[in-house]
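Everything quoted here is computed from the prediction, not taken from an experiment. Residue numbers start from 1 in every chain, and the chains themselves are labelled A, B, ... in the order their sequence lines are given, proteins ahead of strands.
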2 protein chains.
Amino acid sequence: MKLSKSEEQLMQYIWKRKKAFMNELLEMYPEPKPANTTVATLLKRMKDKGYIDYEQMGRSRQYYPTVNKSDYFSRHLKGLIRKYFDDSPSTFASFFTRETDLTEDQLKELQDIVEQELERRKK
Amino acid sequence: MKLSKSEEQLMQYIWKRKKAFMNELLEMYPEPKPANTTVATLLKRMKDKGYIDYEQMGRSRQYYPTVNKSDYFSRHLKGLIRKYFDDSPSTFASFFTRETDLTEDQLKELQDIVEQELERRKK
DNA sequence: GAACTGTTTCTACAAGTGTAGAATATAAAT
DNA sequence: ATTTATATTCTACACTTGTAGAAACAGTTC
């Protein structure tokens, strides 16, 4: 089952820290911070959905992700490409370069990236 | 307000047709098609959210999008990039080329795209 | 004009979400 | 041991979503 919007938000913090206690996570929210019970609820639901787990550390729990951010995101992205671009990554790519306000420098950077990726595959 | 999952689905069909009556939209669904009242409900909600509008044509309505697919998607994408890549399109790009199963041909195509975009900007 | 057919609105309901108070547990501090 | 601070669970409630039946309408057909 998918993460909801606000669960995803929290998930970002967990990914960033690798491991974190609830209070640390709460810290990470910008003002106005949610009630701690709100975060607790989210953590519980996320655990139920299988996206995180925890290790009991004395009085409290240290939470950590059970899914990798890249994997999660790449599934996400593939879904989008399927939905919006009829499964064509290159159509997506052209959209991306045109519509995402890339600066000239970033476009050049992208050139390098593609270049390197092509190199990498030759071997 | 954002479109929900199944509203987005329907929105795709509307974008594809540019203009369509409910029965035409219903046609476009794969089996098992939803009840026509389901589609009617979605149309109503989408109209309330401001994503579509209609023109009364005799007995029924011809619906059309009030938001452009590219705009909608590009907002979507920018949101994602912000959320997952700290606002760095190039980090996103490198992720994209590495993780999206692009074939070699597609990578080359992407090279061309970037090349052309750079050209385009020179002028 | 009575019956039929397709459209739209109303109503409904279960599941999921955002949010958090109340209650409880539990360790730390005095 | 009593207070205090914090973490976790329970409970709650309003809102959104997916889905569709029932009802009301509006042409179309016999």
Quick one: which of dA20(C), dT19(C), dT9(C) gets closest to the side chain of A35(A)? dA20(C)
Whole-Å distance separating the CG atom of D48(B) from the C1' atom of dT16(D): 13 Å
Grouping I, L, V, M, F, W and Y whenever their side-chain heavy atoms are under 4.5 Å apart, do Y64(A) and F21(A) come out in a common cluster? no
Rounded to whole Å, the OH-P distance (Y29(A) to dG18(C)) equals 10 Å
Looking only at the side chain of R45(B) (C-beta and beyond, no hydrogens), which of the listed nucleotides dA12(C), dT9(D), dT9(C) gets closest? dA12(C)
Derivation and outcome, ring pair (Phe, Tyr, Trp, His ring centres under 6.0 Å), residues Y13(A) and Y29(A): CA-CA 9 Å; Y13(A) 298 148; Y29(A) 279 86; 5.0 Å; yes
Of the listed nucleotides dT19(C), dT9(D), dT8(C), the one nearest the side chain of L42(A): dT19(C)
Considering only heavy atoms and no angle criterion, is a donor-acceptor pair shorter than 3.5 Å present between the side chain of S60(A) and the base of dA27(C)? no
Rounded to whole Å, how long is the line connecting atom CG of L43(A) with atom C1' of dC10(D)? 16 Å
Is the shortest side-chain N/O distance from Y54(A) to OP1 or OP2 of dA7(D) below 4.0 Å? no
Taking the basic N atoms (NZ, or NE/NH1/NH2) and the acidic carboxylate oxygens, is any pair closer than 4.0 Å for K78(A) and D101(B)? yes
If the cut-off is 4.0 Å, is S6(A) near the phosphate of dG18(C), judged by side-chain N/O to OP1 or OP2? yes
Flag, side chain of Y51(B) to backbone of M1(B), donor-acceptor distance under 3.5 Å: yes
Presence of T38(A) side-chain N/O under 4.0 Å of dA20(C) phosphate oxygens OP1/OP2: yes
Which residue, K69(B), K2(B), R45(B), forms the salt bridge (charged side-chain N to carboxylate O under 4.0 Å, His left out) with E8(B)? K2(B)
Consider the side chain of R59(A), meaning its heavy atoms from C-beta on, and name the nucleotide among dA27(C), dT7(C), dG18(D) that approaches it most closely. dA27(C)
d(NZ, K44(B); C1', dG21(D)) in whole Å: 17 Å
Please confirm whether the shortest side-chain N or O distance from N23(A) to OP1 or OP2 of dA7(D) is below 4.0 Å. yes
Take atom CD of Q56(B) and atom C1' of dC25(D), then tell me their distance rounded to the nearest Å. 12 Å
Angle between ring planes, F73(B) versus F85(A), binned at 30° and 60°: parallel, tilted or perpendicular? perpendicular
To the nearest Å, give me how far apart CE (M22(B)) and P (dG6(C)) are. 10 Å
Separation of dA15(C) atom P from E7(A) atom CD, nearest Å, is 18 Å
In terms of side-chain heavy atoms of T41(B), which of dA20(D), dG18(C), dT7(C) is nearest? dA20(D)
Could you tell me whether the side chain of T37(A) has a donor or acceptor atom within less than 3.5 Å of a complementary atom in the base of dA22(C)? no
Between K49(A) and dT17(C), is there a contact of a side-chain N or O with OP1 or OP2 at under 4.0 Å? yes
Taking atom types as they are modelled, is there a donor-acceptor pair under 3.5 Å from the base of dT9(C) to the side chain of R61(B)? no
Quickly work out the Y51(A) OH to dT17(C) P distance and round it to whole Å. 10 Å
Across the strands shown, which category fits M1(B) at heavy-atom distances under 4.0 angstrom: base, sugar-phosphate, nothing? sugar-phosphate
